[in-house]
Engineer: 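Handing you this structure, nothing more for now.
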Amino acid sequence: MEEEAEAIHVAPWMHVIAEGGGLSVDELLPTSGEVRVTRLNGCDLSDEASVFEKFWEAFKFPDYFGWNWSAFYDCLRDLEWLSSDYHILIIESAENALSGDGVAREEFFKSLWRAGRRRSYTKRPEGVTLSKFSVVLSCGKESAPGLARRLERLHDQSPV
């Protein structure tokens, strides 16, 4: 886990940003290609139904979306119905997402993690890896280290 000035880089596709922090544009944007940026607010992701609804609307999930965690991950790893080459998801107040449901919260972050990993490791001419699906989780300064540790555990549990 790489930490610099309010930004914690958990993986090339997963970043935790504390309030007032930020990322270099070069860390997220490709040198060419179409980029789609989606912004959601963790306060609006209070339960599974609201997560599925907000993502269905924001990412224009197909009508066959199954409204469960498996279907959620499947749609995030695909996104072929969108014309973009790269996708950046920004979740503000990420510490509030599913804060009342620990099991669903774990599934949510695991799905984001797996989708980012699945669509990652695009080499740029400069030798830098860039994900086709990057997640930026913005949260309060006091919440950032804990959220980054939770995501780091997902990294440790993931097969290489």
Side-chain angles (χ1 to χ4, degrees), residues 1 3 6-23 25 27-29 34-120 130-158:
M1 182 166 51
E3 193 170 340
E6 310 303 327
I8 304 170
H9 305 284
V10 181
W13 62 90
M14 185 75 71
H15 313 276
V16 177
I17 307 297
E19 288 173 354
L23 285 171
V25 170
E27 294 178 74
L28 291 176
L29 298 178
E34 188 174 331
V35 179
R36 183 174 203 274
V37 178
T38 302
R39 293 178 78 131
L40 296 173
N41 190 313
C43 295
D44 297 332
L45 308 174
S46 58
D47 56 24
E48 286 184 26
S50 63
V51 168
F52 297 149
E53 182 178 334
K54 294 294 183 187
F55 274 78
W56 182 76
E57 291 171 356
F59 285 96
K60 301 177 181 0
F61 283 177
D63 290 336
Y64 59 81
F65 173 57
W67 301 85
N68 59 60
W69 291 115
S70 180
F72 179 74
Y73 165 70
D74 287 345
C75 284
L76 287 178
R77 75 168 184 188
D78 186 0
L79 298 178
E80 295 301 322
W81 54 88
L82 299 174
S83 61
S84 311
D85 301 310
Y86 297 89
H87 304 275
I88 298 171
L89 169 63
I90 300 170
I91 301 178
E92 297 168 319
S93 300
E95 71 273 27
N96 294 313
L98 294 158
S99 59
D101 186 341
V103 173
R105 184 178 171 92
E106 192 71 17
E107 285 296 323
F108 174 65
F109 286 122
K110 186 166 75 174
S111 296
L112 295 178
W113 178 270
R114 290 175 59 214
R117 183 184 64 200
R118 175 89 160 103
R119 299 178 59 88
S120 279
L130 184 69
S131 177
K132 289 189 174 239
F133 182 79
S134 295
V135 179
V136 179
L137 302 170
S138 174
C139 58
K141 289 182 180 183
E142 66 284 344
S143 302
L147 182 54
R149 280 192 300 276
R150 168 179 280 133
L151 297 168
E152 183 68 19
R153 283 194 300 273
L154 291 174
H155 178 68
D156 293 341
Q157 296 168 2
S158 298

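Quick note: residue numbers are just sequence positions, from 1. This structure is a prediction, so every number in the text was calculated from the model and none was measured.
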Engineer: Is there a side-chain contact between L112 and L89, using heavy atoms and a 4.5 Å cut-off?
Structural biologist: yes

Engineer: Heavy-atom distance under 4.5 Å between the side chains of W69 and V51, does that happen here?
Structural biologist: yes

Engineer: With sequence neighbours left out, what residues match F61 under ring-ring contact (aromatic ring centres under 6.0 Å, His included)?
Structural biologist: F65

Engineer: To the nearest 0.5 Å, what is the distance between CG on N96 and CG on L45?
Structural biologist: 9.5 Å

Engineer: Determine the minimum heavy-atom distance between S111 and Y73, stating which atoms define it.
Structural biologist: O-CD1, 3.8 Å

Engineer: Say you draw a straight line from CD of E106 to CG of D101; how long is it, rounded to the nearest 0.5 Å?
Structural biologist: 11.0 Å

Engineer: Looking at every heavy atom in both I8 and A148, which two are closest together, and how far apart are they?
Structural biologist: CG2-CB, 3.6 Å

Engineer: Please tell me if the side chains of P62 and C75 come closer than 4.5 Å, counting only heavy atoms from C-beta onward.
Structural biologist: yes

Engineer: So which heavy atom on I88 is nearest to which on V35, and how close?
Structural biologist: CD1-CG1, 3.8 Å

Engineer: Would you please test L40 and E92 for side-chain contact (heavy atoms from CB on, under 4.5 Å) and show each step?
Structural biologist: CA-CA 6 Å; L40 296 173; E92 297 168 319; over 6 Å; no

Engineer: Do I91 and V136 touch side chain to side chain, with heavy atoms closer than 4.5 Å?
Structural biologist: no

Engineer: Report, as yes or no, whether the 6.0 Å neighbourhood of atom CZ on R118 holds more than 12 heavy atoms from other residues, nucleotides or ligands.
Structural biologist: no

Engineer: Measure from the side-chain N and O atoms of R117 to the backbone N and O of W13, and report whether any donor-acceptor pair falls under 3.5 Å.
Structural biologist: no

Engineer: With under 30° as parallel and over 60° as perpendicular, where do the rings of F59 and F133 fit, or are they tilted in between?
Structural biologist: tilted

Engineer: Keeping the roles fixed (side chain from D85, backbone from E34), state whether a donor-acceptor pair exists under 3.5 Å.
Structural biologist: yes

Engineer: So how far is it from L147 CG to S138 OG, rounded to the nearest 0.5 Å?
Structural biologist: 10.5 Å

Engineer: Treating W113 as the side-chain partner and E152 as the backbone partner, does any N or O pair qualify as donor plus acceptor under 3.5 Å?
Structural biologist: no

Engineer: Taking atom CZ of R114 and atom CG of L76, what is their separation to the nearest 0.5 Å?
Structural biologist: 10.5 Å

Engineer: Measuring from atom NE2 of H15 to atom OG of S134, what distance do you get when rounded to the nearest 0.5 angstrom?
Structural biologist: 5.0 Å

Engineer: Rounded to the nearest 0.5 Å, what separates atom CZ in F52 from atom OG in S50?
Structural biologist: 9.5 Å

Engineer: Kindly determine whether I90 and V135 satisfy side-chain contact (heavy atoms from CB on, under 4.5 Å), including the steps that lead there.
Structural biologist: CA-CA 6 Å; I90 300 170; V135 179; over 6 Å; no

Engineer: Could you walk me through whether R150 and R105 satisfy the side-chain contact (heavy atoms from CB on, under 4.5 Å) test, starting with their C-alpha distance in whole Å, then the side-chain angles of each, then the deciding distance to 0.1 Å, before giving a yes or no?
Structural biologist: CA-CA 11 Å; R150 168 179 280 133; R105 184 178 171 92; 3.0 Å; yes

Engineer: Hey, are the side chains of E48 and N68 touching, using non-hydrogen atoms and a 4.5 Å cut-off?
Structural biologist: no

Engineer: Heavy atoms only: give me the nearest C43-S93 pair and the separation to one decimal.
Structural biologist: SG-CB, 3.9 Å

Engineer: Do the ring planes of W67 and W56 sit parallel (below 30°), tilted (30 to 60°) or perpendicular (above 60°)?
Structural biologist: tilted

Engineer: Does T38 form a side-chain contact (heavy atoms from CB on, under 4.5 Å) with R36? I'd like the steps, not just the answer.
Structural biologist: CA-CA 7 Å; T38 302; R36 183 174 203 274; 3.0 Å; yes

